[in-house]
Amino acid sequence: MQNTKKRNNTQRLHHAYEISIIQKLQKEWKRAIDKAVKSHTFLNGGIHLPLINVTEMTKYLGLWMPERNEIRLSHGLVHQGRWDSILEVFLHETAHQIASQFPQYLSETSHGPLFHQCCRLIGANPKASGNYQSLEDRVWGEDLHSNGNGPSDHDKIMLKVKKLMSLASSTNQHEAEAAATKASELMALYNIDIIKNDKERSFESIIITEPTLKVSQFQSVAAAILTRFYFVEGIWIYGYIPEKDRWGKCLEISGTPTNLKIADYVFHYILHYAEISWKAYKKANPSCRSRSGYMTGVLSGFMEKLETQRRETAANQNLKQREALNTPMVIQDNRLVRYHETRHPNMVTRRRSHTTASRSAYNSGKSEGKKLTIAKGISRSDGNTGKRIAK
């Protein structure tokens, strides 16, 4: 009896979760169609919201069924995947639906030029189907893939950075800062070598926050830290919030899988550190109410620290390194920039102010932020945001 009750409760939870996911996908569908209609007005009123069905599928992650006006999604993908992984597959199938509205649809293969054009219209990945790995597997799979040839270059760098970040949890402040600085330097040198020699690399895009109605100043600073120091591009994109029936903003970052994992870890670690620091400061200063100002200060202080470390690292490079690299510690990956601009062709960059009404809280937070080092290792993602809490 008890087992039956537990099973029924589990089924109800699964059903409620599926309804929430379907609601979000319906909103994403409408947004995608609005994009397509801007270029092809005949679609307006001629394309209808599909039935979204979560079902057991072993061969496909998703499937567009034109005869039923239905998009099917794998039960495993929906219940075990991150939101960005689910959305990627869904937009791929939506592109199939859009393509099916064109007269030339039947004269082309299912993944022909027309389909690729529709993918570009709505920002879908044309590869996200069939035996193609899900976004989650491509980014969050095991760091080491045994292929008989030993670990790849990116696997090696991940292992080294993880080891250094683990050392950075040392209670010895000098040892911790030395390890954190070395990790940052190693990552910079690794990426500079790849960019300078234009080595082959692939890029992915992942969403690392839940949608929020208002992006806070400290979240904005944390995002800026990633784009300035961790070899990723970032943008705040729209995300639907079912419980509020409103659109919010969530942070999407783009880069190589290795850099995405490191940047995702850093983002959640520094926000957690800022939150813990605020609680300690609030306890010592109960009259202070500027949580946002203090946390913004913490992250601004950490950004300054990274900038100082970068300058010191560049200045301390020996002559051999300088001759070999002949490159500053700041370098732009043009391939990544092109990928990001193609993904978000209508992107508008705006500078956000980090000023605050509570200068005292901000300055106190800034002093605390300069003590921050990135601690712990990088672990596999948990949940739908890839969020990990250190400490």
Side-chain angles (χ1 to χ4, degrees), residues 161-162 164-184 187 208-210 212 214-230 232 234 236 249-251 253 262-310 312 352-379 381-383 385-391:
V161 171
K162 286 170 71 173
L164 286 165
M165 285 185 170
S166 178
L167 289 173
S169 62
S170 169
T171 54
N172 182 308
Q173 186 69 16
H174 178 73
E175 182 180 282
E177 292 205 6
T181 302
K182 182 63 178 176
S184 177
M187 209 182 146
I208 63 172
T209 68
E210 294 288 352
T212 178
K214 183 180 179 181
V215 178
S216 66
Q217 288 184 322
F218 56 82
Q219 286 177 312
S220 177
V221 177
I225 287 171
L226 299 190
T227 58
R228 285 181 64 178
F229 300 98
Y230 291 93
V232 295
W236 292 94
K249 289 290 187 73
C250 45
L251 180 61
I253 58 174
I262 293 174
D264 177 73
Y265 170 82
V266 168
F267 182 83
H268 291 104
Y269 180 87
I270 61 180
L271 285 180
H272 178 70
Y273 181 92
E275 180 69 42
I276 295 300
S277 299
W278 158 247
K279 289 178 179 177
Y281 181 79
K282 175 68 174 175
K283 188 175 182 179
N285 303 271
S287 62
C288 181
R289 298 181 180 179
S290 184
R291 172 177 173 269
S292 179
Y294 183 87
M295 291 178 64
T296 300
V298 170
L299 296 174
S300 296
F302 179 53
M303 183 185 286
E304 284 191 10
K305 179 177 180 177
L306 287 175
E307 195 65 67
T308 299
Q309 288 179 346
R310 175 184 275 175
E312 289 176 350
R352 289 177 62 96
S353 170
H354 301 144
T355 58
T356 174
S358 179
R359 177 57 56 181
S360 175
Y362 175 84
N363 288 336
S364 296
K366 199 169 182 180
S367 297
E368 182 64 24
K370 291 180 179 179
K371 302 175 186 177
L372 173 58
T373 54
I374 302 299
K376 308 287 186 183
I378 301 170
S379 62
S381 101
D382 295 314
T385 64
K387 193 179 298 182
R388 286 171 299 285
I389 298 298
K391 304 258 188 192

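Only heavy atoms go into these numbers, but all of them, side chains included; no hydrogens, no water, no symmetry mates.
Using modelled atom types, one side-chain atom of H268 and one backbone atom of I208 make a donor-acceptor pair closer than 3.5 Å. Of the possible donor and acceptor atoms, none in the side chain of K282 sits under 3.5 Å from a partner among the backbone N and O of R291. Formation of a donor-acceptor pair under 3.5 Å by the Q219 side chain with backbone atoms of S216 is found in this model.
At least one side-chain heavy atom of T209 sits under 4.5 Å from a side-chain heavy atom of W236.
Taken from CD in E307 to CE in M303, the straight-line distance is 8.5 Å, to the nearest 0.5 Å. Here the straight-line distance linking atom OG1 of T212 with atom NZ of K214 works out to 9.5 Å at 0.5 Å rounding. Rounding to the nearest 0.5 Å places CG of L299 at 5.0 Å from CD1 of I270.
Closest approach of Y230 and A263 over heavy atoms only: CB-CB, 4.2 Å. Among all heavy-atom pairs drawn from M295 and L271, the shortest one is CE-O, 4.0 Å. Among all heavy-atom pairs drawn from A222 and F267, the shortest one is CB-CE1, 3.5 Å. Residue A223 comes nearest to L251 through the heavy atom pair CB-CD2, 3.8 Å, listed as atom of the first residue, atom of the second, then distance. Between V221 and S300 the shortest heavy-atom distance is CG1-N, 3.9 Å.
Using cut-offs of 30° and 60° on the angle between ring planes, the pair W278 and Y294 is tilted.
Side-chain contact, S220 with Q217: no donor N or O sits under 3.5 Å from an acceptor N or O.
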Could you go through the side-chain contact (heavy atoms from CB on, under 4.5 Å) check for F218 and V298 one step at a time?
CA-CA 8 Å; F218 56 82; V298 170; over 6 Å; no

